[in-house]
Amino acid sequence: MVVLKEGMCPGLDEGLLRDLRAADIKTVEDLVSSDIERLAQQCSVSYKALFAIRRVLLAQHTAFPVSGADLYEELLSSTAILSTGNPSLDKLLDSGLYTGEITELSGGPGSGKSQVCFGVAVHVSHQLKQSVIYIDTTGGLTAGRLLQMLKTETSSTQEQTEALQRIHVFRLFDVFSVLDCLYSLRGGVLQQASVGGGGGSVRAVIVDSVSAVISPLLGGKQTEGMSLMIQVAGVLKTMAKDFNVAALVTNHVTTSGSGEVQPGLGVSWSHIPRTRILLQRAENAAAAGRSGLRTATLIKSSRQPCHIKEEFDLRWWSRSEGGSSSGKRKLEETDS
Amino acid sequence: MGYFTAGNNKAMLLLVSCVAMCDSYFEKVRAELYLQGMLGHWSRRDVWSCRQQLAGQMQRPVSSLSLSPSVKVKLAGAGFQFTAELLQFTPAQLRAETALSQEEALEVLQAVRTGGGEEGAGAPLTALELLLQEEDFQSIMTFSSQLDDALGGGLPVGRMTEICGAPGVGKTQLCLQLSVNVQVPQCFGGLEGQVIYIDTEGSFLLQRVVDIADAAVRHCSLLVEDDEQRAAVTTFSVETVLSNIFLVRCRDYVELLAELHLLPGFLLEHPRVRLLVIDSVAFPFRQLFDELSQRTRLLNSLAQQLIAIATTHHVGVVITNQMTTRVRGSQSQLVPALGESWGHASSIRLLLHWQGCQQLATILKSPGHMEADIQYQITSAGFRDTSQSEQPQSKRPRTHSDQSAATQRDTSC
Amino acid sequence: MDWDQLQLGPRITAAVRRAELKSFRDVLCATGLDLQRLTGLSHSDIQQLLIAAAATFRRRPPVTALQLQRGECRSLESGLRLSVGCPVLDQLLRGGLHVGGITELAGESGAGKTQLALQLCLSVQYPAQHGGLSSGALYICTEDSFPIKRLQQLISGQSSLRSDVPPTLTSSLQFSDHVYIEHAADLDSLHLCLSRRAPLLLAQGLVRLLVVDSVAALFRSEFQADDWLERNKQLLTFSSRLHHLSWEFTTPVLCINQVTDVFNQSDNSLVPSSSSVSPALGLAWANQVMVRLLMRRLQATIYRSNESSTLRRLEVVFAPHLARDGQAAAVWREGVRGVLNSD
């Protein structure tokens with residue numbers, strides 16, 4: 001629905017607009033779906049003029065049909081696969097995060113969702129030299145940890161600094177500011193960010209976590225929450241598609257009546273991500289004491305058979321670290 | 001951009017620059033159609049993707065704005081669907097077009113301009129800036145050097161930490177300890193901050209706070225080495241410690257929710273507050289809730305509120321939670337209360353528990369640190385390391401585990 | 001609902017009135033979006049409304065701990081303690097029972113729980129300078145009938161137990177007139193008692209100590225093992241009622257509880273593994289208790305001129321302000337007294 005406005009197309013002048021309004025025609029949709037012959041009589045305009053206006057409006061507002069061949073060609077030229085930096089996860093995702101798609105990580109508290117997000121952010125910004133947008137809604141992003149991960153990749157301070165500069169962080173705590181942010185990203189900030197951030201276009205948008213801002217709105221009598229959830233999904237999807245970025249979101253889990261763990265946010269959301277992964281603590285690891293061992297289960301995918309499991313270790317991203325955490329170093333500096 | 005790789009970059013550039021000069025969506029579409037005619041050799045697909053991009057720049061549904069539903073209905077009724085269509089209006093014009101009141105019209109236009117604008121979301125930080133910020137914020141030490149080390153210096157400011165544990169394991173003790181420690185003068189490595197303590201269980205007992213404050217004050221006075229510290233110690237007394245603890249007692253969950261609405265105002269008046277303690281969140285929320293979905297929703301929004309307070313006011317948020325028994329089939333398991341989704345609220349989750357005669361603090365989750373088990377004890381002076389002397393002796397106050405005051409409790413085991 | 005007291009603009013007040021909001025409580029429990037939908041107000045108006053409604057729930061602005069210490073806020077920290085009636089035991093409890101919150105006294109049968117509870121019923125009647133609260137006690141029995149004989153015996157022994165109090169004062173107090181006894185044989189009558197009669201007595205100032213002897217009996221007998229969900233719900237209702245009474249009237253609440261043997265040694269993250277018994281009713285109840293005391297019978301017997309008593313030990317299991325510690329005690333004719341090691 002687009003409101004009719006003066007000067008929208010030749011012939012649509014003030015007088016005609018007033019007449020149309022009198023005939024209860026306010027939007028483009030009203031006009032194209034109305035009976036032109038009768039309208040011409042009502043507004044005392046020529047049938048021909050109205051018909052011309054309608055044709056122009058139709059041309060302006062219809063969708064452009066695209067052939068499958070065109071789409072395929074476009075796909076080949078534009079889709080990229082971003083490795084997560086972790087071989088097990090890459091295997092599960094059929095070699096990595098696909099641009100133009102939404103990938104979802106779900107899991108209980110402490111299951112390593114944020115750690116995987118950090119890992120992806122670091123890998124994309126350092127190895128692939130591309131920019132990353134990180135929308136943090138839980139306040140969980142720790143730059144110290146990013147640095148720690150980077151240190152396992154490179155020892156050059158220069159490279160670490162550059163990589164960190166390519167990660168752009170938004171900290172937003174309600175759904176409207178998330179929507180504002182996503183729309184303004186879609187509306188051109190995305191390109192600006194990539195220019196300002198020392199090279200490399202934005203290739204990944206990470207939202208950790210999407211459920212934190214949406215779940216307070218769900219439940220109760222309200223329908224609004226559902227519509228906002230779909231808005232978030234819609235803008236993420238179009239952004240992923242239009243700008244060829246990979247979108248990675250995290251979700252919490254709920255336990256169904258039968259004791260089965262499943263991703264949160266309900267059925268409507270379950271259609272949004274193209275690929276869904278469930279992270280859990282590895283069962284045998286629980287017995288062996290604390291460890292970084294996690295299992296990842298593919299629960300939705302269009303490329304791989306579902307319910308394949310992979311085990312991986314969260315410590316993969318801090319391998320060869322040797323126990324010296326950046327936190328400690330930091331403290332010694334501030335103390336001295 | 002991906003779409004334009006097919007070639008024809010020159011024409012594309014022309015189009016895009018043309019388009020960039022037009023300032024309304026309609027003009028852009030017109031320019032586009034004009035160019036379509038001019039550059040007749042363009043494929044439909046090129047025009048399509050160009051159009052997509054134009055649409056992408058401007059089309060934000062009105063329904064995604066933070067407006068009241070009735071206003072949205074009125075806007076939709078008048079045929080407005082995208083924010084772009086509203087940009088050109090003055091409030092008076094908008095009122096004429098729709099059934100909105102003056103205030104509503106102003107509000108709509110305000111929302112369209114700030115929300116759709118490029119500053120809408122605020123400038124992003126790069127991770128590098130964030131790192132520098134994090135290094136500026138110190139952590140609140142726990143007076144247990146092992147736990148401090150595992151957490152990279154203590155409980156972080158600007159984040160939410162949850163302490164879970166069975167009754168009597170030391171949750172309140174740790175909270176009280178943190179409330180005192182956040183006030184340690186800067187020259188001793190502290191934050192010199194103030195604290196808001198929201199007590200829902202009635203377990204904030206003055207007697208105990210005085211104990212802990214007294215121990216901390218004496219501890220600091222033993223560490224004095226230079227003039228600066230000497231000067232600081234004179235003002236760091238039990239009395240000043242007590243005067244920097246703001247206590248709020250909430251008896252049910254509505255009072256707690258109410259207090260959180262009023263907190264941002266209080267924090268603006270008291271910029272030195274660096275710690276917010278809620279002991280406990282579980283207590284009011286586990287009472288008399290018939291409708292679990294309502295509870296979950298309230299808790300979820302509470303969590304977002306707390307995270308926002310932590311980030312915007314640079315305050316460490318520490319909350320405590322009870323444990324509950326979860327029965328899975330035949331075996332039962334102790335888990336933190338308030339349900340699965342609450343577990344995502346805090347960035348750091350500590351579990352305090354007994355193992356034999358030892359008290360252990362386990363880091364269940366933390367974005368920046370590995371999971372770890374740390375032994376601790378509650379002495380008459382407060383929360384301390386267990387007195388194994390293997391820890392490194394350094395000049396920093398937190399590594400002195402106050403051996404002199406460590407009159408140990410519970411020597412029976 | 002009196003929306004005018006919120007001091008909002010007439011526009012907001014009118015909109016709130018139109019919407020179906022019944023109380024300030026409803027306002028705070030609804031989401032911002034819900035409120036916008038119901039009232040048709042803008043986001044910023046809703047923020048104003050929320051803050052105004054929140055302010056009505058705030059009893060007082062945050063007070064500093066220093067103000068508490070100076071006694072400027074009596075309702076939060078009265079500084080009062082209810083003495084047990086024996087200086088040795090009072091020292092263990094740092095002055096006695098705390099006047100806000102639930103104190104639990106657990107122990108096996110014959111450990112002396114009821115003895116201590118009865119003693120508190122008398123101790124509460126002394127004026128504040130002698131560790132009392134100058135008021136009576138409400139004693140709710142759920143298990144056995146009230147041990148009236150033992151109470152009489154204790155009353156007659158008061159002068160020898162409380163040698164610190166002037167005898168004229170002790171003899172002037174009509175102890176038995178100020179102990180109100182209530183029998184509750186099932187949960188319904190317990191709830192009735194706590195929601196009707198107890199508030200009445202407390203409001204009139206006739207009573208300032210609440211004793212429930214015992215909590216375990218009702219909750220253990222009325223529920224089977226498999227309806228623990230219902231049991232927990234009832235337990236929470238019961239405890240929130242007690243909390244409410246305790247805070248509203250700054251009254252100490254003493255709950256007597258039974259103990260169970262610890263079967264499951266593997267599940268030892270709850271308590272230090274040194275203890276072989278734990279108080280009944282599990283975690284759900286333990287979460288509601290502020291101070292948990294445990295009384296044990298020891299093997300030894302202690303003698304005094306012509307009396308003997310089994311040695312007991314009163315232990316602090318947990319309390320926010322007390323160390324994990326214990327104190328030997330004995331039950332004599334005149335009451336429970338702590339036994340110092342030198343004896």
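Excluded from the calculations below are hydrogen atoms, water molecules and symmetry mates; all remaining heavy atoms, backbone and side chain alike, are included. Since the structure is predicted, the reported quantities are computational estimates derived from the model, not experimental observations. Lettering follows sequence order; numbering is per chain, from 1.
With a 4.5 Å cut-off on non-hydrogen atoms, A/L179 touches chain B through its backbone and its side chain both. In this structure, the portion of B/S366 lying under 4.5 Å from any heavy atom of chain A is its backbone and not its side chain. When heavy atoms are compared at a cutoff of 4.5 Å, A/V132 does not approach chain B at all. Using a 4.5 Å cut-off between heavy atoms, A/I135 does not touch chain B at all. For a residue to count as touching a neighbouring chain, one of its non-hydrogen atoms must lie under 4.5 Å from one of that chain's; by this rule B/A308 touches chain A with backbone and side chain alike.
Rounding to the nearest 0.5 Å places OG1 of A/T137 at 7.0 Å from CD1 of B/I307. Interatomic distance, A/H252 NE2 to B/N300 CG, rounded to the nearest 0.5 Å: 7.0 Å. From A/F173, atom CZ reaches atom CD1 of B/I309 across 11.0 Å, with rounding to the nearest 0.5 Å. Atom CG of A/D136 is separated from atom OG1 of B/T311 by 7.5 Å, given to the nearest 0.5 angstrom. Taking OG1 of B/T312 as the start and CZ of A/R171 as the end, the distance is 11.0 Å to the nearest 0.5 Å. Within the model, atoms OG of B/S301 and CG of A/D174 stand 11.5 Å from one another, a figure rounded to the nearest 0.5 Å.
Most heavy-atom pairs under 4.5 Å with chain B: of the set A/S114, A/G108, A/G264, A/S111, this distinction falls to A/G108. The choice from A/L141, A/V235, A/T250 that makes the most heavy-atom pairs within less than 4.5 Å of chain B is A/L141. Top candidate by heavy-atom pairs under 4.5 Å with chain B, chosen from A/V253, A/L228, A/L146, is A/V253.
Heavy atoms only, all atoms of each residue included: B/A127 and A/A143 are closest at O-CB, 3.6 Å. Closest of all the heavy-atom pairs between B/S347 and A/G140 is CB-CA, 4.0 Å. A/P216 approaches B/Q304 most closely through the heavy-atom pair CG-CG, 4.2 Å.
Residues B/T126 and A/V169 are not in side-chain contact: their nearest non-hydrogen atoms beyond the backbone lie 4.5 Å or more apart. For the pair A/T142 and B/R159, the minimum side-chain heavy-atom distance is below 4.5 Å. In this structure the side chain of B/H344 never reaches within 4.5 angstrom of the side chain of A/S211, judged on heavy atoms. In this structure, the side chains of A/T161 and B/L128 come closer than 4.5 Å at one or more pairs of heavy atoms. The closest side-chain heavy-atom distance from A/T254 to B/E340 is not below 4.5 Å.
A/Q115 places a side-chain N or O within 3.5 Å of a backbone atom of B/P367 that can act as its donor or acceptor partner.
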